[in-house]
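Every chain is numbered from 1 and lettered A, B, ... according to where its sequence line falls, protein lines coming before strand lines.
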Amino acid sequence: MPELPEVEVTRLSFAHRIAGAKVLQVQLGKPLRWPLGVAPEELLGQQVLGVRRRGKYLLLDLDRGLLLMHLGMSGSLSFASEQPLPGPHDHFDLLTTLGCLRLHDPRRFGAVVFARQEQAPQAQKLLGHLGVEPLGDGFALAPFAEALKQRRAPIKQVLLAGDVVVGVGNIYASEALFLAGIRPTTRSERLGRLRVERLHAAVRSVLARAVQAGGSTLRDFSNADGQSGHFQLEAQVYGRAGQACRRCDSLIKMIRQGQRSTFYCPNCQKN
DNA sequence: AGGGTGACCTGTCGGC
DNA sequence: TGCCGACAGGTCACCC
């Protein structure tokens with residue numbers, strides 16, 4: 001479910017409501033990808049100062065540390081004034097004076113990890129290698145071009161790797177490459193100035209529009225209010241193998257790259 | 001150090 | 001209807 005836009009939409013939906021809350025209780029379900037890394041009692045009484053996002057991580061700033069939350073493949077957060085009855089896939093509840101923040105995650109690829117500070121090794125192990133924020137000022141064309149020139153892997157996989165630019169997941173990678181008119185299999189280093197420029201703009205605009213639309217093009221995403229995306233953004237290529245390209249009517253193709261599906265239009269995306 | 005692979009876990013869907 | 005394999009929005013540890 002969650003790429004950068006979904007994570008950001010989630011953040012926007014509850015950050016203002018949880019700010020200032022004090023932690024009353026922590027309830028854990030089945031194990032997530034990593035252990036919390038601290039005794040839950042350690043969190044009690046701490047105040048939630050705010051919620052930031054770094055890549056696909058949400059950072060819950062507390063007065064004596066921070067919680068790094070990741071939604072994995074199937075996670076979603078909800079924030080409700082009363083604690084709802086926990087279901088079989090609810091694996092983390094943070095009960096606070098202002099409401100209950102809950103991580104629901106059937107596949108349990110998500111995680112909640114505590115660190116005393118952002119620079120602590122537990123946090124840096126997860127955040128340290130991340131690339132620039134695509135929606136921030138740091139996403140400049142020249143360094144992006146420079147980074148892409150250093151890589152020999154197919155451009156789709158460089159985007160997914162997240163060490164050049166963060167937040168682009170499997171859906172938006174295909175979508176951005178379509179927008180830029182670039183074949184996903186093209187080696188990163190072989191992209192010329194013009195294509196890099198188009199890709200830079202495409203990554204930005206695809207992600208920004210998805211945030212504005214309230215989440216992804218896909219069906220089961222909902223923010224922490226329980227509201228689903230507006231579905232205003234139709235996928236151009238993702239999930240459309242065998243269907244007609246919306247721009248040129250050619251048939252959309254699906255291939256496998258690094259065990260993930262990639263979709264593209266063979267006519268609109270020639271190298 | 002970059003690149004390729006397997007691993008983690010559960011649910012759903014299509015085909016036989 | 002039932003079973004089985006393929007696949008799903010992420011990313012880490014591991015090997016070369």
### Summary
Taken in chain and number order and not counting sequence neighbours, the residues that satisfy side chain to side chain contact (heavy atoms under 4.5 Å, CB included) with A:Gln25 are A:Gln27, A:Leu95
### Dot-bracket summary - DNA chain C, pairs being Watson-Crick or G-U whose distances fall under 3.5 Å, with | when paired to another strand
.|||||||.|||||||
### Query
Heavy atom of residues 175-183 of chain A under 4.0 Å from DNA chain C: which residues?
none
### Task
Hey, could you give me each pair passing ring pair (Phe, Tyr, Trp, His ring centres under 6.0 Å) that has a residue in residues 78-125 of chain A? Not counting sequence neighbours.
none
### Query
Does one side chain, of A:Arg256 or A:Ser261, offer a donor that lies under 3.5 Å from an acceptor on the other?
yes
### Query
Hey, what do you get for NZ (A:Lys56) to CD (A:Glu3), rounding to the nearest 0.5 Å?
5.5 Å
### Query
What is the nucleic acid contact for A:Ser74, judged by heavy atoms within less than 4.0 Å: base, sugar-phosphate only, or nothing?
nothing
#### Entry: Distance below 4.0 Å between A:Tyr172 side-chain N/O and C:dG9 OP1 or OP2
no
### Message
A cation-pi test, strictly: NZ or CZ of A:Arg247 under 6.0 Å from the centre of the six-membered ring of A:Phe178 and no more than 45 degrees from its axis. Yes or no?
### Response
yes
### Query
Who passes side-chain hydrogen bond (donor to acceptor under 3.5 Å, both in side chains) against A:Glu8, sequence neighbours left out?
A:Arg11, A:Arg53
#### Entry: Residues within residues 110-133 of chain A bordering DNA chain B, heavy-atom distance below 4.0 Å
none
#### Entry: Separation of atom CG in A:Leu148 from atom P in B:dG2, rounded to whole Å
13 Å
## Note on the structure
Nucleotide by nucleotide, nucleotides 3-12 of chain B touches protein heavy atoms under 4.0 Å in the pattern (B base, S sugar-phosphate only, - none) S-SB-BBBS-
#### Entry: side chain to side chain contact (heavy atoms under 4.5 Å, CB included) partners of A:Arg260, counting only residues at least two apart
A:Met73, A:Lys156, A:Leu160, A:Asn170
### Task
Check the distance between C:dG10's C1' and A:His70's NE2 and give it to me in whole angstrom.
6 Å
### Any donor-acceptor N/O pair, A:Glu175 side chain to A:Gln236 backbone, under 3.5 Å
yes
### Message
Please report the distance separating the P of C:dA6 from the corresponding atom of B:dG6, rounded so that it comes out in whole Å.
### Response
14 Å
### Query
In Å, rounded to the nearest 0.5 Å, how long is the span from CG of A:Leu103 to CG of A:Asp90?
8.5 Å
What pairs of donor and acceptor atoms, side-chain ones from residues 143-150 of chain A against any protein atom, are under 3.5 angstrom apart with sequence neighbours left out?
none

### Summary
Atom CD1 of A:Ile155 and atom P of B:dG2 are separated, to the nearest Å, by 15 Å
### Task
Please collect all ring pair (Phe, Tyr, Trp, His ring centres under 6.0 Å) contacts where either partner lies in residues 244-271 of chain A, sequence neighbours excluded, each pair once.
A:Tyr238-A:Phe263
## Note on the structure
Joining Ile, Leu, Val, Met, Phe, Trp and Tyr whenever any side-chain heavy atoms lie under 4.5 Å apart, the cluster holding A:Leu127 also takes in A:Trp34, A:Tyr57, A:Leu59, A:Leu66, A:Leu68, A:Val113, A:Leu126, A:Leu130, A:Val166
### Task
Kindly write out the residues that satisfy side-chain hydrogen bond (donor to acceptor under 3.5 Å, both in side chains) with A:Arg33, not counting sequence neighbours, or none if the list is empty.
none
### Task
Calculate the interatomic distance between A:Lys56 atom NZ and C:dC12 atom P; express it in whole Å.
10 Å
